[in-house]
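Worksheet: the structure to be examined is printed underneath.
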Amino acid sequence: MKIATWNVNSLTARLQHVLDWLIANPVDVLCLQELKMTDDKFPLEVLKSAGYEAAVFGQKTYNGVAILSLAPVRDVVKNIENFADEQSRVIAATIETPSGPLRVINGYFVNGQEPGSEKFAYKMKWLDALHAYIARELAAHPNLVLLGDFNVTPEDRDSFDPVGLKETIHHTTEERDHFKALLGLGLTDSFRMFEQPEKSFSWWDYRMLGYQKNRGLRIDHILVSEPLRPLVKSCVIDRVPRKWEKPSDHAPVVLELGAGA
DNA sequence: ATGGTAGAAAATCTA
């Protein structure tokens with residue numbers, strides 16, 4: 001089965017891209033971030049016609065996340081449990097697979113703007129709360145995938161300019177320590193289980209010909225729990241839709257899981 | 001240190 005993540009930067013603006021991409025890439029699960037719409041505006045019927053049901057946690061103007069799935073989803077949880085958050089950033093659901101139930105946790109992590117800012121402090125508190133939440137979820141659901149727009153480059157090789165951007169947003173030691181702490185729970189960055197091209201990125205700034213110059217960052221990730229590790233067949237970034245007209249600034253990342261033993 | 005682009009929304013805010 002295939003599971004993907006894609007920050008679409010407004011589902012209103014990108015619905016046709018999502019539908020076109022799903023026809024070319026009929027993944028079992030697609031996690032979306034930055035819907036920038038309320039639940040009542042979500043195109044449930046159109047996606048149902050495409051074969052997908054959806055769990056949605058929307059918000060006006062900013063944020064908003066959804067899980068699209070061919071198979072039924074259950075036990076939907078919105079936001080980080082025990083963390084008061086006005087922003088719609090996390091949605092979790094369980095999906096039945098040939099290898100048993102799979103917990104999917106889709107996150108639009110806080111951007112943080114600039115180290116030292118209020119938004120950065122919010123990012124750190126949010127990451128603390130997420131860590132505790134994921135620890136609890138792992139105890140309850142051995143087969144777990146945490147994916148989405150993490151807004152963190154895990155390592156220098158995940159940035160087009162690690163020297164020039166040292167300790168700036170997405171590159172700080174604190175952010176990377178939080179990412180490592182998630183790995184410390186037993187999660188694995190599936191993309192790095194495989195040899196990958198140099199300068200593999202998932203986001204490119206719209207400005208200054210960022211994509212054309214491959215001035216990007218790898219900030220969209222798919223982490224898998226220990227029991228899933230042996231099932232991981234591939235993890236790739238699909239740059240194709242980034243070349244389409246009026247693209248999202250992010251590319252989809254796709255994980256392939258084999259059947260269980 | 002500023003600006004460059006995109007989206008939502010209605011002047012800026014977020015990224």
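Order of the sequence lines fixes the chain letters, A, B, ..., with proteins taken first and strands second; residue numbering starts at 1 for each chain.
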Residue A:Lys60, side-chain atoms from C-beta onward, closest of B:dG4, B:dA9, B:dG7: B:dA9
statement: Whole-Å distance, A:Ile169 CD1 to B:dA15 C1', equals 11 Å
Between C1' of B:dA6 and OH of A:Tyr62, the distance in whole Å: 13 Å
- prompt: If you check the A:Ser10 side chain, which of B:dA15, B:dG7, B:dA9 turns out closest?
  reply: B:dG7
message: Any side-chain N or O of A:Lys119 below 4.0 angstrom from OP1/OP2 of B:dT14?
response: yes
statement: Taken to the nearest whole Å, CG/A:Leu11 to C1'/B:dG7 is 13 Å
task: Could you check how far CE of A:Met37 sits from P of B:dG7, rounded to whole Å?
output: 13 Å
- request: Take the protein atom CD of A:Gln33 and the nucleotide atom C1' of B:dG7, then report the distance between them rounded to whole Å.
  value: 16 Å
- prompt: Under 4.0 angstrom, heavy atoms only, what part of the nucleic acid is A:Tyr211 near: base, sugar-phosphate, or nothing?
  reply: nothing
message: We want to know whether A:Glu34 and A:Asn63 form a side-chain donor-acceptor pair, criterion being a heavy-atom distance below 3.5 angstrom.
response: no
- prompt: If the C1' atom of B:dC13 is compared with that of B:dA9, how far apart are they to the nearest Å?
  reply: 10 Å
- prompt: Does the side chain of A:Lys246 get closer than 4.0 angstrom to OP1 or OP2 of B:dG7 through an N or O atom?
  reply: yes
- line: In whole angstroms, the gap separating P of B:dA8 from CZ of A:Arg14 amounts to 8 Å
task: With P as the reference atom in both, quote the distance from B:dA1 to B:dT5 in angstrom, rounded to an integer.
output: 22 Å
task: Quickly work out the A:Asn9 CG to B:dA8 C1' distance and round it to whole Å.
output: 10 Å
Whole-angstrom distance between B:dA15 and B:dG4, as gauged at atom C1': 13 Å
- request: State whether a side-chain donor-acceptor pair under 3.5 Å links A:Thr188 with A:Arg229.
  value: yes
field: Rounded distance in Å - CG (A:Asp205) to C1' (B:dG3)
entry: 11 Å
Exercise: do A:Ser159 and A:His171 side chains pair donor with acceptor under 3.5 Å: yes
message: Give me the distance, rounded to whole Å, that separates B:dA6 from B:dT2 when you measure between the P atoms they each carry.
response: 23 Å
- prompt: When you match A:Ala13 and A:His250 each to their closest nucleotide on DNA chain B, which lands nearer the 5' end?
  reply: A:Ala13
- prompt: With sugar-phosphate meaning primed atoms plus P, OP1 and OP2, does A:Thr12 contact a base, only sugar-phosphate, or nothing at under 4.0 Å between heavy atoms?
  reply: sugar-phosphate
- request: Select from A:Arg207 and A:Lys36 the residue whose nearest nucleotide in DNA chain B is closer to the 5' end of that strand.
  value: A:Arg207
task: Give the ring-plane orientation class for A:Phe160 versus A:Phe201, where under 30° counts as parallel, over 60° as perpendicular and anything between as tilted.
output: perpendicular
- prompt: For the side-chain hydrogen bond (donor to acceptor under 3.5 Å, both in side chains) test, which of A:Arg218, A:His170, A:His221, A:Arg176 pairs with A:Thr153?
  reply: A:Arg176
